[in-house]
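Every chain is numbered from 1 and lettered A, B, ... according to where its sequence line falls, protein lines coming before strand lines.
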Amino acid sequence: MWVIQAKGLKAFYILHILGHTKIVKAVNEVDLEVLENEIYGIAGESGCGKSTLLKALLGVTIAPLRLISGQVLYRKDGEELDVYALKPEELRKLRWTFIAYVPQGSMSVLNPVRRLSRTLEDFLASHEGLKGRRQLMARAKDYFHELGLPPKILKAYPHQLSGGMRQRVTIALATLLAPKILIADEPTTALDVVVQRGVLQMLTDIHRKLANTLVLVTHDMGVHANVSRRLGIMYAGKLVEEGEVSELFTAPLHPYTRFLIKSLPKLGDKGSREGVPGMPPSLSELPSGCAFHPRCPLALPICREKEPLLSKEKPGHRVRCWLYLREGP
Amino acid sequence: MRFFKEYLLPRFLQFLLVTFLGINAAFFIPRFFSSDPILETISTIRSHGTYLDPGSVEKIISDLKQLYGLEGTLGQQYLAFWRRLFRGDLGLSFFQFPEPVVRLIGRALPWTLGLLLPSTLLSWALGLLIGGVGGCYPERRWVKVLDVISMLVRPLPYYIFAFALLIVFAYVIPWFPLGGGLSIGRQPEFSLQFIREVLHYAFLPFASLTILGTAVMYQMSKLIVQSLRTEDFVQYAQLGGVKGRIIVFKYLVRNAMLPLFTNLVLSLGQVFGGAMITEIVFSYPGLGMLLYNAVVQADYNLILGITTISIVAVTTGIFLADLVYPLLDPRVRYQ
């Protein structure tokens, strides 16, 4: 059963520059369902709209980002909630108790002049009411202990922690209220590989303990291979392929996914890795037809003219490519 | 001990050095002027029509030289100046002879401090708070009204603003006295009536300083808060459903305080220089008025005395700010 569903989601950045209006189509007709208790990965190059998709899923559209059309639904206690129809206060209450977020670049998301314990307190008190500082502190301490974080760092200021520790603290902060959905945006970027492993371990441990849903965004296909269960590949603001990780890695359908998989290093293989030729398109000036056709070695004449639809190739495996569309246009 | 050696000591030395250089400048700059205070005094006396025979001119010159500490070479004067300074002796005022400069300053200082300390602190705190909240909710109606008011008040030259207040509230509607610190002939005493009178006389100068100061602080604080709102940690707290009140005070205003605190300390140091224009407009008997009269009457000892006091006050303020700052911003550490 799904817990988040996006239907025809379109979120564009609308910029006014010197009288010109520039529209950046960062999230363009995305349909997806994230199931209960799964780890759903989202992958794609930088600037393909991954982070914007997360913002749209969280219901955070601050100008210049605007929701153009579509719906985001949460299923909470069997009830379907339309995120963009909720009142701000209702949405505020859902945050952290139902859906929480680990931001990209957690270096700067903690208040620099407050001790971590105070920041944790702010989040706790805002959702559960102030029940006495000592009680809140005790809870935070227990939770840190549970996650294997030294409780004494609660007394530290953010700048006194290393990057990896700060990322872990941010994850702890996001999961403090046991949310049903955790959305993590590039949680391992800018960390060295040893720390990356620790952070991923922590995320999956929490996922197992809380039996919740984890939406994991990263461009690192290696991370998806190890952690995610289902994977959505994004290209130029659109979902181009989605399926089980095991299937995507062994039998990728979309030419773009194939490039991504081929670029992964393999044990024993000493050949050089090949990247995707060309550059990702600008989201404000998308190519006609399929946005990938200028870089696609298998492009057909129709790819230039018409956009393919996301079709169900096999059960649980969808792809947006003319190579697989049985019915012609 | 590391705190002492690595944080306090360098800052203390810097404080001493800056004070020393500042007082040196105050000592040397008048001596490099082409005008000679002694010859000017004599020509003033002559221009009043007094006949001076050469003998008494010689006598006046040597008396004045002694009075100004201008005897001997520049080196001797310099040493004598520092010797006197350490004894707390700033010389005698020339125009209120033989009153020592220290006593004149001591008499004017309470007026200035009583006027400027509360108005500086109040306008800082008020501007920070209102500006902080205004920066968080720029679309509210009261914020827009305050924006317009501060935009109108701030560019007004202070002397015009103060003068307008004086005309409206002391002349047209005579609620407040036209000037002075107390009614003429009133002796200081400790009574409710006396305090009420002091407050009554101080109200207009205080209001003029506070209104303008608050408007400036409001605009600065609002701008800082508005730029802070786009910081990651603020947006993240908002996204995390942290309550608005906590975000406004503990995230925005708290962080906006850091640059503005430096501002406060500097203006507190400047308090000791007096608010010359305020005190002239409202004929308030503070340091600024004293300095103004000293300049007009070329009372060099008095000018040097007031300058020295304000140099020491500003550098002390900065030194204290350095000591307090790590308490406000944990990223600055005592090391």
Side-chain angles (χ1 to χ4, degrees), chain A residues 54-55 57-65 88-116 118-130 155-161 166 170 173-177 179 183 185, chain B residues 2-3 7 128-129 132 135-140 221 224-265 321-335:
Chain A
L54 292 192
K55 282 184 194 158
L57 289 180
L58 281 162
V60 189
T61 43
I62 304 167
L65 181 62
E89 181 59 19
E90 291 172 323
L91 197 57
R92 185 186 82 72
K93 281 184 179 154
L94 277 183
R95 300 262 172 77
W96 257 239
T97 53
F98 177 71
I99 184 164
Y101 173 64
V102 177
Q104 186 170 20
S106 60
M107 296 297 124
S108 51
V109 298
L110 299 166
N111 192 342
V113 298
R114 311 203 84 201
R115 291 182 197 276
L116 294 177
R118 291 299 168 82
T119 301
L120 255 66
E121 216 175 273
D122 293 340
F123 280 79
L124 277 175
S126 296
H127 289 288
E128 309 212 321
L130 208 65
K155 288 208 187 91
Y157 289 100
H159 70 273
Q160 294 168 327
L161 302 180
R166 228 179 300 184
T170 315
L173 175 63
T175 52
L176 199 55
L177 294 167
I183 293 185
D185 191 0
Chain B
R2 256 184 85 196
F3 156 69
Y7 191 87
L128 175 69
L129 277 183
C136 304
Y137 307 107
E139 58 300 310
R140 300 261 169 104
S221 151
I224 294 175
V225 164
Q226 273 180 321
S227 69
L228 275 175
R229 275 176 75 197
T230 57
E231 291 281 325
D232 285 346
F233 68 91
V234 176
Q235 298 206 327
Y236 188 61
Q238 263 162 352
L239 203 147
V242 174
K243 284 196 172 141
R245 192 168 27 87
I246 297 181
I247 291 181
V248 170
F249 291 106
K250 297 182 174 167
Y251 286 68
L252 292 168
V253 173
R254 176 69 178 76
N255 276 284
M257 229 168 96
L258 302 178
L260 294 173
F261 176 72
T262 315
N263 224 310
L264 171 72
V265 174
D322 262 347
L323 290 189
V324 175
Y325 203 75
L327 296 179
L328 284 177
D329 189 347
R331 285 165 296 183
V332 179
R333 274 179 289 178
Y334 295 117
Q335 243 178 22

Can you say whether the rings of A:F123 and B:Y236 are parallel (under 30°), tilted (30 to 60°) or perpendicular (over 60°)?
tilted
Under 4.5 Å to a heavy atom of chain B? For A:L173 that would be side chain
Exam field: side chain A:D122 to backbone B:I246, donor-acceptor pair closer than 3.5 Å:
no
A:L124 versus chain B, the contacting section by heavy-atom distance below 4.5 Å
neither
Contact part of A:Y101 toward chain B, heavy-atom cut-off under 4.5 Å: side chain, backbone, both or neither?
both
Where is the tightest heavy-atom contact between A:P112 and B:N255, given as atom of each residue plus distance?
CG-OD1, 3.7 Å
Distance (rounded to the nearest 0.5 Å) between B:K243 NZ and A:H127 NE2:
9.0 Å
Heavy-atom distances under 4.5 Å only: say whether B:L258 touches chain A with side chain, backbone, both or neither.
side chain
Chain A contact via B:E231 - side chain, backbone, both or neither, heavy atoms under 4.5 Å:
neither
How far does CZ of B:R254 sit from CG of A:N111, to the nearest 0.5 angstrom?
8.0 Å
Whether A:R95 side chain and B:G240 backbone form a donor-acceptor pair below 3.5 Å
no
Spacing of CD1 belonging to A:I62 relative to CZ belonging to B:R229, to within rounding of 0.5 Å:
9.0 Å
What part of B:L239 is in contact with chain A, defined as an atom under 4.5 angstrom from a non-hydrogen atom: side chain, backbone, both or neither?
both
Under 4.5 Å to a heavy atom of chain B? For A:T97 that would be neither
Side-chain heavy atoms of B:K250 within contact of A:V113, under 4.5 Å
no
